[in-house]
Amino acid sequence: MTTIVRPYGDTLDDGAVQLSFTLPVPFGPRGREAARLFVEKLGFRHAEVVHAAPLSGDFSFYVAYGRTEVAVDVDTIHVEEATGEKLYSMNEACAAIREKLGRKVVVVGACTGFDAHTVGIDAIMNMKGYNHHYGLERYSEVEAFNLGAQVPNEKLIDYAVKVNADAILVSQIVTQKDVHIRNLTELIELLEARGLRERFVVCAGGTRISNKLAVELGYDGGFGQGTYAEHVATFLIDRLVDKVAPGGA
Amino acid sequence: MTTIVRPYGDTLDDGAVQLSFTLPVPFGPRGREAARLFVEKLGFRHAEVVHAAPLSGDFSFYVAYGRTEVAVDVDTIHVEEATGEKLYSMNEACAAIREKLGRKVVVVGACTGFDAHTVGIDAIMNMKGYNHHYGLERYSEVEAFNLGAQVPNEKLIDYAVKVNADAILVSQIVTQKDVHIRNLTELIELLEARGLRERFVVCAGGTRISNKLAVELGYDGGFGQGTYAEHVATFLIDRLVDKVAPGGA
Amino acid sequence: MESRLHMPQERIDRARELASRIVAPVQEFIDAHTTVTVERATLRLAGADGADADGIPVPNLVIDQLSGRLDEGALKFWVNALVRTGEDVAGLNRKVAEGLRVDALPLADPAALEAKAAELVAACTRRVRGNRSLREERLARYAGKNHSPLLYVIVATGNIHEDVKQARAAAEQGADVVAVIRTTAQSLLDYVPYGATTEGFGGTYATQENFRIMRAALDEVVEREGRYVYLTNYASGLCMPEIAAMGALERLDMMLNDSMYGILFRDINMYRTFVDQKFSRMINAWAGVIINTGEDNYLTTSDAVEKAYTVLASQFLNERFAFAAGLEPWQMGLGHAFEMDPTIRNGFLMELSQALMAREIFPEAPLKYMPPTKFMTGDIFRGVVQNSLFNFVSQMTGQGIHLLGMLTEAIHTPFMQDRFLALENAKYVMNNMADLGAEVEFRMDGTIVKRAHAVLEETVAFLERIETTGLMDAIAEGLFADIRRPRDLGKGLDGLRKKSDGYWNPFEEHLHRELGL
Amino acid sequence: MESRLHMPQERIDRARELASRIVAPVQEFIDAHTTVTVERATLRLAGADGADADGIPVPNLVIDQLSGRLDEGALKFWVNALVRTGEDVAGLNRKVAEGLRVDALPLADPAALEAKAAELVAACTRRVRGNRSLREERLARYAGKNHSPLLYVIVATGNIHEDVKQARAAAEQGADVVAVIRTTAQSLLDYVPYGATTEGFGGTYATQENFRIMRAALDEVVEREGRYVYLTNYASGLCMPEIAAMGALERLDMMLNDSMYGILFRDINMYRTFVDQKFSRMINAWAGVIINTGEDNYLTTSDAVEKAYTVLASQFLNERFAFAAGLEPWQMGLGHAFEMDPTIRNGFLMELSQALMAREIFPEAPLKYMPPTKFMTGDIFRGVVQNSLFNFVSQMTGQGIHLLGMLTEAIHTPFMQDRFLALENAKYVMNNMADLGAEVEFRMDGTIVKRAHAVLEETVAFLERIETTGLMDAIAEGLFADIRRPRDLGKGLDGLRKKSDGYWNPFEEHLHRELGL
Ligand code: B12
Ligand code: B12
Ligand SMILES: Cc1ncc(COP(=O)(O)O)c(C=O)c1O
Ligand SMILES: Cc1ncc(COP(=O)(O)O)c(C=O)c1O
């Protein structure tokens, strides 16, 4: 089946989209026309520049609305989130660990590289958690080590080995110039170089991280905005159980 | 020469553009991915959906940023505005009329069809004008008749014939479903059918009118946002002088 | 509520007294006249509906047959036709659509007519009362679920089915009121189109079927969300009473209904509008509908700083006309607007002042506060800021009905996302500074207090001038919105009739009784 | 200005007294110590500059040679090298970059060293005084042209040449202050890179050449627009005094400089930061620079409603440390922020309360007010509204330095258009409600007044606890921002030295004299 969809303004398939952008062109009729042409070139018919303003001698700003025939087929879209709809609550997770693994799960987390945005990893790991969802430290069956900010990948791996961790959690918030991609890739390469990749379940998280991206980069799972400890716990339990009894349990 | 330009975020040629749109798809990971794919299909690499929200069971809203290679060559852009940079002031316009035409210029204006947005045409024609620019009624060498709102094209032509007008000014503000195009086209067709097209200088104006559009529709000139009576007077004088002494004066 | 602006009550009383003196002579004129649409509205209340093969509505077909005898009231002929043909209302509608001439049937015994009319009035009353009590019941059941002020959005796709999607989404997002904007120029049609419509410009035709479709769609959301959603449409134009009648029958909750809007902003003849608004307002009053007046239009046409007094003056006049039509204060959604040039230094203080002034002068009215429109531009981001300040003032001054500003106001009628963003803006701002108004006091010598006093003074002076001139001549001379509307020009004058001595309208009589007029 | 919040002066005085008692013992520690960066800063003031082939800066080369003898002060060896080699400063920079070891040269006669040092101090003083008077002259010439509060934007492309384009555009659009944000983690480098740079993440390297390039670019705009544009950079980190020195030499006008930020938010050792901040602040004070403290960081890390008192407490401590370094009140850009969850009912009232409280408690300080960041999301349209309310509060409470909120805060470092839209938002709101603050009064029993009193009370209690514990132990125990920083951990501790009795630093002596310390 195919379900072709287009943007919707006020009539099905009108293809209405709002855009704004800056052009390195002085403000004036020429700039305005350049902006219109640019929007047309993106595949919009009926490109309308509804606002133009000078930003400086050489730059000008535009707001435009356009209508396009470009469409996507939503039936071909398959998005795998790290977890399904069904999540363990904290108590369920602990029960599942006791029952299915029979030992505590050890988790090491950090905000790596030069990234110092700890609020995200803290939200997942710290006692008090986030938005009334407790963090992993509060899980009786989880031993959680949060190494904090700006931890080099090397050091994180060393620590994980030291405490014999089941899982490594990495947070990356700064994404400018794709620094997060570089940093996340480096961790996987280091693990592989040291023959440790299979030893841990490795997860990445952050505002701009998706499961898709993380998996592409060689992680077991990825977690973006709106993640709570429950998501991570659910994912880890499933993976760890799978490691013990592949495919089954 | 060619001067290729792309949108600019914070680095030359980064091609950064902001978009927002609605998809007729329920809110959720699939919708988000559909939004991302849609932006990619428009020719953006690095399409990022930075915000998603449910609008109702079947619709969801997205804010995205993308980077594109799509560019325009500004050197090939030639925009003809109705007037150049140089405008007559009210006094200069009146002097020019006296000197070059030797008689008063008669102008008839209206907001035609079902359009009742008179503020725009009033801004051009009424005594008090707009933004401290007097309207045509105040020009001692112009006789201005403002027929107001919702004037049928027929009636406007009849009136222009009756007062022996030099120019007809039409305002069209409502543009939904291109009603302005239909209405503006009808006026030109009526004039042609009655063999009157060459008798008048015919101008269109309105928020979404450009000189380009008006000329395409068979008008002598078109005027958009930010027009003052000086623009119209300058344009009319040039055209009328040209009619008297084509190419010269 | 104690006055935060220290408004002089004596000047307010003076303004009300002037309004009453200005309206009185107009009211006399009104009571002596009827119009084609008053008659058609009466027929509609009596059940006339449908259209012929050319789309001419049944009420118009009837009126057209009667033009010479309209001064007797059209209902007589309709009731007579029912009696003579023995048809029920639906059957007669069909017959008339097929060409039956009601004026050709000999008149039956007056007592038979009276009896039949009483039946029709009773049937209509049952329906309207049913609507009214259903609304009251739902409002009571879901009390406290609506926002205060009520968040009001418009839909205007031109297609009733798209409108439904948009309205549903808005209602789910928290809108309390949905208004279906009419297509450009419907107000100049001297008939109300029939059936569901999908083609409009800048709005959707107001038809009874469209009303029904939207009411049903919103009622679904009402039950699902557990919050009443008010439905609004526009009475104004050449068919004020008819649309009011349709609104009463289909449970609309609010209607745009201004005593002078059609005259000034649609060039409708003043006699016609004055007569029409009275009848339409009586119907609104009876149906428990909240009217929305159109003072905002003064400010989109003229300057909001200079012409603020015209708004207040118009509110006093609208209030007076409303009382005369039996509306209660809680039904008077008197209009005003946030329309000052945003570049004015301290313009916000003046807006705040005026909104609070209106609040204090009309303490019981659910004031309808209109958003920035004229100074909205294609800069949607600045537009969002303008709307925030508007939301702020509205909450701070306790407005009743808050029409949401759209970031795309200068561009197109709202997209679904525009409305969503508007609701989000309002809900955030109004919740975040909810009780600010209750905590602040204003200095006596400041702009806020002084501006309100000055506007009231100008209003009183303006009303004095109108009283001297007479309302009709004042309109003719262009005292309102700089627009001159001579008495005998404008659309729809030919639809005016002086009532004959034998004028018979049992619905009008019923309304008078019910409203205690 | 009379107190609008009726703050109890006695409690404010008590807080100041506590701050002074808390800071005193730390100050004693500071005065007995120096650090590698204090020494490098001294060298820089004396003219040390440039880098070797590997990019190691000359000041670092010198320090590395001296590590064992740093407790005597590095300047001695530098001055000695000048005397011994007969080179001028530029020549010596070149030689050191090529490998000259200054520690290898036998020490010259102390009088010769004193004389040479006096020359260097005089040269440096001429330059810094020149900068200072140029700034003062321009500010006087263009008096009244800046906004109040000063509108402050950041640029952070990572490339100084792109930064220049962005800064210029912003300045042309009305920005009063341009801050060049540093690349991620520069604050953890124990050296300052050399030369113009084009590669940074989330910011651009702070280098002296970058300072110079940006200053020159902004000065062009200053003359063209007839308005002074303040240039800002970050002193904080492992090189506080060096960057302050560079700022003094290149006429920066503001510098981020907090007495504890590095400890808490960058895990820099506390001894190191305390010593560094003092020397860097003396330089700032001397150069007429306005410091910006970092209290906003408490609220991005912890909850803004619960932890408001940590902000006020930190302001009192920053003020005390600032006085101790010779800063005048007009140089104290004490920080605070608009960081409450936007969904809080009446959150706006609390924000308003706190902003006004800070204003009343530090009446002479040009308070630096930070925009919403933590609760900004990818919903740029709601972001615009959050920024509007922030702009509103700032204007209403008379803040000094207003850091503009970006609609894309949750997405990327600002695009050129983001900054434009932010300026447009602020200019519109602040002009439109310019004098609102002067017209309103707050009820004694309302949220606004009560919240301010409550926060002050909590602050006094918190300061009492710190006083009992001692500042260093309080930090170690995690009393600030729930972050524990033990005394002997953290970066940069190895760069700390106890001053020997023979410690010689004529620049420090000069600063003490000039600042009357
Ligand atoms: C708070 C903050 C700071 C604080 C950080 C304090 C702290 N202790 O963390 C301070 C002030 C120190 C700071 C500094 C900087 N910041 Co900052 N900061 C922010 C801000 C405002 C909020 C981030 C936040 O806390 N969000 C709340 C948390 C809960 O959300 P989250 O991180 O997304 O986490 C959730 C999920 O992503 C997920 N998650 C996250 N990590 C992980 C890990 C795992 C394993 C899992 C399962 C899930 C998970 O779960 C969390 C809960 O749901 C953002 C802007 C914004 N509004 O997003 C900028 C922002 C992230 N910062 C930015 C920048 C550039 C910086 C600096 C580099 C600026 C500079 N040059 O000085 C510095 C340097 C810091 C550094 N070395 O990394 C940019 C990044 C731009 C980009 N896209 O690259 C942003 C977007 C601001 C901007 N527009 O410029 N910042
Ligand atoms: C004021 C206003 C009204 C007032 C008009 C009062 C009046 N006397 O004019 C009232 C309230 C009556 C009104 C009603 C309606 N309006 Co209206 N209205 C506006 C509003 C807010 C401002 C327009 C305005 O006055 N701008 C100021 C003037 C000075 O600008 P201007 O018209 O562009 O004129 C300048 C230039 O364009 C040019 N120009 C214009 N005409 C001409 C002619 C010539 C010859 C020349 C040379 C130059 C020229 O010069 C002028 C000066 O620089 C706009 C939204 C907006 N902010 O733009 C909506 C808007 C135009 N209205 C709109 C709509 C849909 C309606 C209605 C149809 C709604 C309805 N269904 O009821 C009605 C019906 C009116 C009708 N029959 O036409 C839509 C149009 C959507 C679209 N793109 O089609 C808009 C954009 C609002 C919206 N977002 O929905 N409206
Ligand atoms: C009172 C009133 N009626 C009606 C309308 C719009 O009606 P129309 O354009 O259909 O005449 C308005 C619009 O502003 C109004 O204020
Ligand atoms: C006082 C202070 N210094 C410095 C910074 C940022 O510095 P960096 O990330 O370079 O340490 C901040 C940022 O918020 C700050 O508040």
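In what follows, chains carry the letters A, B, and so on, assigned in the order in which the sequence lines appear, proteins first and then strands, with residues in each chain numbered from 1.
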Do the side chains of D/Phe420 and A/Thr22 get nearer than 4.5 Å, heavy atoms only? no
Around D/Arg484, counting heavy atoms of other residues, nucleotides and ligands shown, do more than 12 lie under 6.0 Å from its CZ? no
Side chain, backbone, both or neither: which part of D/Ser302 has a heavy atom under 4.5 Å from chain A? neither
Counting only heavy atoms not in A/Phe114 (residues, nucleotides, ligands), do more than 12 fall under 6.0 Å from its CZ? no
Apply side chain to side chain contact (heavy atoms under 4.5 Å, CB included) to D/Leu421 and A/Phe61, showing your working. CA-CA 10 Å; D/Leu421 294 172; A/Phe61 172 59; 3.8 Å; yes
Quick one: what part of A/Ala116 sits under 4.5 Å from any heavy atom of chain D, side chain, backbone, both or neither? side chain
Chain A contact via D/Ala156 - which portion, at a heavy-atom distance below 4.5 Å: backbone
Neighbour count >12 (heavy atoms, 6.0 Å) for atom CD, A/Glu80: no
Nearest 0.5 Å, what's the OG1-NZ distance between D/Thr184 and A/Lys177? 10.0 Å
A/Val119 and D/Thr301 have their tightest heavy-atom pair at CG2-CA, 4.4 Å
Are a donor atom and an acceptor atom from the side chains of A/Ser56 and D/Gln173 found within less than 3.5 Å of each other? no
In terms of heavy-atom contacts, D/Phe201 and A/Gln176 come closest through C-OE1, 3.2 Å
Measuring only between side-chain heavy atoms, which start at C-beta, is D/Glu172 closer than 4.5 Å to A/Leu55? no
Chain A contact via D/Asp482 - which portion, at a heavy-atom distance below 4.5 Å: side chain
Tell me, side chain or backbone of D/Leu188 under 4.5 Å from chain A's heavy atoms, or both, or neither? side chain
Supply the atom-to-atom distance D/Ile483 CD1 to A/Thr118 OG1, rounded to the nearest 0.5 angstrom. 7.0 Å
Dump the intermediate steps for side chain to side chain contact (heavy atoms under 4.5 Å, CB included) on A/Phe59 and D/Lys165, then the final yes or no. CA-CA 9 Å; A/Phe59 291 91; D/Lys165 290 184 209 164; 3.9 Å; yes
Flag side-chain contact, heavy atom, 4.5 Å: D/Lys491 against A/Gln150: yes
Check whether D/Thr377 gets within reach of chain A through its side chain, its backbone, both or neither, counting any heavy atom under 4.5 Å. neither
Check each atom of A/Ser60 against the heavy atoms of chain D and say whether the ones under 4.5 Å are side chain, backbone, both or neither. neither
Got a second to check how far A/Leu23's CG is from D/Gln417's CD, nearest 0.5 Å? 9.5 Å
